[in-house]
Amino acid sequence: MTAADAIVLAGGRASRMGGVDKPAIVIGGRSMLEVALAAVGSCAHTVVVGPHRPELPPEIIQVREVPPGSGPVAAIDTGLHALGSAAPLVVVLAADLPFLSEWAIAELVRHSTESGADAVFAADESGRPQYLIGVWRRSALAAALSGLGALINQPMKALVPPDAAIIPLPGVGDCDTEEQVRQARAAVGMPRMHPPLALDEARNILRGKLTRLTAYEADLRSVTGAALAGPLTAAGPLPRFDVSAMDGYAVAGDGPWRLRHDIGFAGGRRPVGLLSGEAVRIATGAHVPDGTTGVLRDEFVHIADKTLFRLPDTPQRDDIRRRGEDREVGDLVAAEGAPVTAALISAAASVEVTVAAVRGPVRARIVMTGDEIRSEGPLQAGQTRDSIGPILPDLLSWYGIRTADRVHLRDTPHGFDEVLAATPDGDLLVIVGATGGGAADQLRAALARTGAEIVVPRLRLRPGGSTVVAELASGTTVLGLPGNPFAAVATLMALAPAIVEGRTGAPSARPQRGPLRNAAEIAGQVPRIVPARTVDQGGWVGDPTVRTAHLGGLIDRDGLVIVPPEAVDGAIVEFLPLRW
């Protein structure tokens, strides 16, 4: 990590909490000041601005702003002077972040080094900038402070330079109220300090770590979306007998041939055997009579006086499909794990297989959260229409997932506990909302109380970074999606195939890839997922901006593209097709 010093603000009045010493509040066995100091543990020098704390080690510089409680800007100025002139970067941090990690600080430093911005601040997963979680160029911070004149009780926004960057990071929600402290303590135990996973890494974990569904025998026609629990082999030959491959004439021996009056139809009575020099009219798929040496196509023959002649210069072809030439009894039709699709059902039926051992299809329950959304009826004050709940069953069906039911969860203290406890027989619980990174993160807290195993803590993806995937003791997979409509749909499209593959044992689907013509216009510091349309020259053009509060941006789009960081025009990207 590029050399940096750190200023940790550990004073303030905490007026919304009755003047309590907020940095000293213990959450999960550590005070919030200890969390902050651990996060900046790699910094060269650290100064803590606030009341003297004798428990701190001697290498930590301790100073106090004058007068005490004169605001964060004055405290930062005091801290900067206490550091002296050293590292080129300065981390500025408030000591009220119970889930902050050293990784998050390293990300801010990395972005500062790569972008050259005067300051880089974190944004929580609601998009709100946290100006007291940032990395400054030392010269820019000193210039900003000297340019303010009076520092006492100045707002942080007055200090923010024009050349500032803001990047979303997990675990940067602060605790400003007693309720947020209570909720943060309830959420202790969740892997908040784990860095988010890259999308491909998350998919691989889902494929390999989720519990397989129990195998059972099923009529293949009823389980589209499942996967074979064992290899599927032919129970009968294909074809079952020698059949004509074309409309024409079954002939015996060399021509010309005497044409009989009977006709062989597919599924009809088999014509009487042929003698040498005889021919009989026959249809495609009909059982050829005994003695047949070949089938002569209609376009290769001439008939005169009830005699069949081969036209000159026509190719010599057999045009008979022989018994078992496609499949013999015991031949492999599909390997274990093959998805049950229309093609597989058809191929199995053609060799007399209609029942097989399968896993799946995955059954899902959808839970929409929040008092502010309403599916039906007139909207009340403060409410908004549920615009994604009604379409999620159709979207899930794209991936072979069957929706059992859809419910709406009100904002209650123990609502999630009840939902998680009520799905022992479900395969997948899709929860929309309450996955953000703040201290009031209800879903993660409920997962912690149930002892759920977190499989994917977060994603390195924008939007959709707050997504969480967990597995309950019952084996149910919990997919927690952001409440933002576009983020929810985009993340579901990105993860659903891997979840199905993990639960059913299906092989990894081959991704659809191609060039993104305007990648440089879209790419950012983290991977992005945006709507795109197909272009005539091949590949796609993506939308540089996305309105995430609704799905209007998907109208007249062919799918979504996943754009790597710093991609250049023509970069090969993954495409997720829409199947409206």
Side-chain angles (χ1 to χ4, degrees), residues 1 4-14 16-64 72 75 79 91-109 122 124-125 130 132-135 169-196 436-449 451-452 454 457-458 466 468:
M1 186 170 76
D5 292 332
I7 300 171
V8 178
L9 307 184
R13 294 186 293 270
R16 285 194 280 175
M17 300 177 66
V20 68
D21 183 6
K22 190 162 57 169
I25 294 175
V26 175
I27 296 175
R30 297 192 303 171
S31 71
M32 289 196 283
L33 177 56
E34 289 177 299
V35 171
L37 293 176
V40 297
S42 298
C43 290
H45 304 92
T46 299
V47 58
V48 173
V49 184
H52 184 72
R53 302 177 189 273
E55 70 275 13
L56 295 184
E59 61 267 23
I60 301 292
I61 305 167
Q62 298 194 59
V63 294
R64 185 66 158 147
V91 178
V92 176
L93 196 63
D96 62 351
L97 308 156
F99 302 114
L100 187 68
S101 66
E102 187 174 0
W103 171 86
I105 300 303
E107 280 293 285
L108 289 170
V109 171
D124 62 28
E125 290 178 72
Q130 296 278 7
L132 287 177
I133 311 172
V135 174
L169 288 174
V172 297
D174 54 5
C175 282
D176 283 332
T177 67
E178 292 179 359
E179 176 62 17
Q180 288 175 337
V181 170
R182 185 192 67 77
Q183 291 173 333
R185 284 172 171 161
V188 166
M190 298 305 295
R192 290 173 172 273
M193 289 180 283
H194 291 184
D441 187 342
Q442 298 182 44
L443 176 56
R444 295 175 193 271
L447 288 169
R449 291 191 292 271
I454 302 301
R458 299 179 186 276
S466 66
V468 60

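All figures in this text were calculated on a predicted structure; none of them were measured in a lab.
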Of all residues at least two apart in sequence or in a different chain, which pass the side-chain contact (heavy atoms from CB on, under 4.5 Å) check with [X]?
| X | value |
| --- | --- |
| Pro58 | none |
| Ala24 | Asp21, Arg53 |
| Pro72 | Leu9, Leu132, Met156 |
| Gln130 | Asp124, Arg128, Ile133, Asp174 |

Could you list all the salt bridge (charged side-chain N to carboxylate O under 4.0 Å, His left out) pairs where at least one residue sits in residues 32-51, not counting sequence neighbours?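 Listed once each, the pairs would be none.
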
How close do [X] and [Y] get, counting heavy atoms only, and between which atoms?
| X | Y | answer |
| --- | --- | --- |
| Ser31 | Pro23 | CB-O, 3.5 Å |
| Ala36 | Ala94 | CB-O, 4.4 Å |
| Cys43 | Val91 | SG-CG2, 4.0 Å |
| Gln62 | Pro51 | OE1-O, 4.0 Å |
| Val35 | Arg30 | CG2-NH2, 3.5 Å |
| Val47 | Gly79 | CG1-O, 3.6 Å |

Reported NE2-to-CG distance for the pair His45 and Asp5, which is rounded to 0.5 angstrom: 6.0 Å

About how many Å separate CD1 of Ile7 and OG1 of Thr46, when rounded to the nearest 0.5 Å?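 The OG1 atom of Thr46 sits 10.0 Å away from the CD1 atom of Ile7.
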
Could you go through the side-chain contact (heavy atoms from CB on, under 4.5 Å) check for Val468 and Ile454 one step at a time? CA-CA 8 Å; Val468 60; Ile454 302 301; 4.2 Å; yes

With no hydrogens and no angle check, is any side-chain donor or acceptor of Arg444 less than 3.5 Å from a backbone partner on Pro457? yes

Sequence neighbours left out, what passes side-chain hydrogen bond (donor to acceptor under 3.5 Å, both in side chains) with Asp96? Give chain and number order. Lys22

Does some side-chain heavy atom of Val8 sit less than 4.5 Å from a side-chain heavy atom of Leu33? yes

Within-4.5 Å side-chain heavy-atom neighbours: Leu93 and Leu100: yes

